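Before any comments, here is the structure.
Small disclaimer: the values here were computed from a predicted structure and weren't measured.
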Amino acid sequence: FPNGSVHKHLSELYGLNYEESKQMSFKLLYGGITNEVANSIEFFKKTKHYINTLWYNFNHRNYVKTNIYNRRLYKYNLHDMNKNKLFNYLIQAHETETNIQTILELQKYLLNKKTNLILYGYDSFLFDVSNHDGINVVRKIKEILERNGHLTKSKMGINYSDMKDITKKLQEKYEHN
């Protein structure tokens with residue numbers, strides 16, 4: 001994929017807007033990749049091949065391993081399994097294992113700071129940022145979260161329900177320093 005949003009890139013290939021593109025991609029990844037899409041978009045061709053290989057190996061070995069911590073997911077524990085469901089389990093396991101590594105790195109960085117990670121929810125992290133630590137702590141947190149090419153959005157506010165997007169403002173200040 002080129003730099004930037006995968007969904008934006010795929011929206012151009014699908015001929016759909018950004019939101020429709022996201023929905024289409026998740027439908028394909030979680031529900032099954034059609035031959036038509038696999039034949040027209042290289043990413044989905046490779047993904048479909050990977051899913052089929054994963055399914056074959058799972059049925060012959062009776063387990064699969066997660067990508068980061070090499071945990072075995074045994075066939076006898078996974079009921080009503082099919083190849084797309086197995087793929088989805090591995091996607092979720094990868095996301096969880098990646099986030100565990102991220103949390104460990106964040107906790108190590110914040111160890112001697114007054115800023116704290118106070119909530120983690122699948123694809124978001126909530127911090128209580130101390131004024132004492134300053135804006136550079138926010139930048140370093142963003143850097144940790146964006147390792148491996150992940151894109152992030154940043155919001156701030158006194159109350160969770162009143163947060164305002166500061167992604168662009170944070171980037172502008174970062175580029176001027």
Side-chain angles (χ1 to χ4, degrees), residues 1-61 63-71 73 75 78 80-103 105-106 119-126 138-156 163-176:
F1 290 109
N3 288 336
S5 169
V6 169
H7 296 298
K8 184 173 185 285
H9 173 72
L10 289 173
S11 73
E12 295 165 5
L13 297 177
Y14 299 143
L16 300 172
N17 70 39
Y18 181 87
E19 281 305 315
E20 292 169 332
S21 171
K22 275 180 75 170
Q23 290 175 5
M24 174 65 80
S25 294
F26 286 121
K27 179 181 175 185
L28 291 165
L29 289 172
Y30 290 104
I33 300 168
T34 64
N35 288 332
E36 178 186 352
V37 171
N39 290 333
S40 62
I41 300 174
E42 187 68 19
F43 167 75
F44 286 110
K45 179 181 180 181
K46 290 179 178 181
T47 302
K48 187 170 186 160
H49 176 75
Y50 173 75
I51 291 169
N52 289 332
T53 302
L54 183 68
W55 182 243
Y56 176 85
N57 290 335
F58 176 71
N59 284 303
H60 284 82
R61 293 184 188 143
Y63 71 88
V64 293
K65 286 184 181 180
T66 62
N67 291 333
I68 297 174
Y69 291 120
N70 292 312
R71 292 180 303 122
L73 304 178
K75 190 174 185 176
L78 304 174
D80 299 320
M81 192 54 53
N82 62 53
K83 63 183 177 180
N84 281 39
K85 193 173 177 183
L86 180 64
F87 176 60
N88 295 333
Y89 273 43
L90 283 180
I91 289 173
Q92 300 302 319
H94 183 79
E95 181 77 19
T96 300
E97 291 178 353
T98 299
N99 284 336
I100 289 168
Q101 290 180 327
T102 299
I103 289 168
E105 189 174 343
L106 287 165
L119 180 66
Y120 156 69
Y122 185 64
D123 65 351
S124 63
F125 297 82
L126 180 66
V138 176
R139 287 192 184 112
K140 180 63 178 178
I141 289 170
K142 187 172 177 62
E143 181 184 309
I144 292 168
L145 293 172
E146 290 182 343
R147 76 186 193 298
N148 301 324
H150 294 105
L151 300 177
T152 64
K153 295 179 185 175
S154 302
K155 297 180 181 181
M156 72 178 263
M163 294 220 190
K164 305 288 184 221
D165 191 317
I166 62 162
T167 306
K168 288 182 182 177
K169 190 179 282 190
L170 189 62
Q171 186 62 32
E172 288 169 5
K173 287 184 178 183
Y174 182 73
E175 288 171 355
H176 292 324

Specify whether His9 and Phe1 have parallel, tilted or perpendicular ring planes, treating 30° as the upper limit for parallel and 60° as the lower limit for perpendicular.
perpendicular
Using 30° and 60° as the class limits, which term best fits the ring planes of Phe87 and Tyr50: parallel, tilted or perpendicular?
perpendicular
Would Leu78 and Lys85 satisfy side chain to side chain contact (heavy atoms under 4.5 Å, CB included), going step by step from the backbone distance to the final call?
CA-CA 10 Å; Leu78 304 174; Lys85 193 173 177 183; over 6 Å; no
Between Lys75 and the options Leu86, Val64, Asn59, the side-chain contact (heavy atoms from CB on, under 4.5 Å) test singles out Asn59
Can you find a pair of side-chain heavy atoms, one from Thr152 and one from Phe125, that are under 4.5 Å apart?
no
Less than 4.5 Å apart, any side-chain heavy atom of Ile41 and any of Leu10?
yes
Determine whether a donor-acceptor pair (N or O, by modelled atom type, separation under 3.5 Å) exists between the side chain of [X] and the backbone of [Y].
| X | Y | value |
| --- | --- | --- |
| Thr66 | Arg71 | yes |
| Asn148 | His150 | no |
| Ser154 | Ile166 | no |
| Lys83 | Trp55 | no |
| Asn70 | Lys65 | no |

Spacing of [atom1] belonging to [X] relative to [atom2] belonging to [Y], to within rounding of 0.5 Å:
| X | Y | atom1 | atom2 | result |
| --- | --- | --- | --- | --- |
| Met163 | Leu126 | CE | CG | 4.5 Å |
| Lys164 | Lys155 | NZ | NZ | 10.0 Å |
| Asn99 | Tyr120 | CG | OH | 3.5 Å |
| Glu105 | Glu143 | CD | CD | 8.5 Å |

Quick test of your reading of the model: are Lys8 and Glu12 salt-bridged, counting only N-O distances below 4.0 Å?
yes
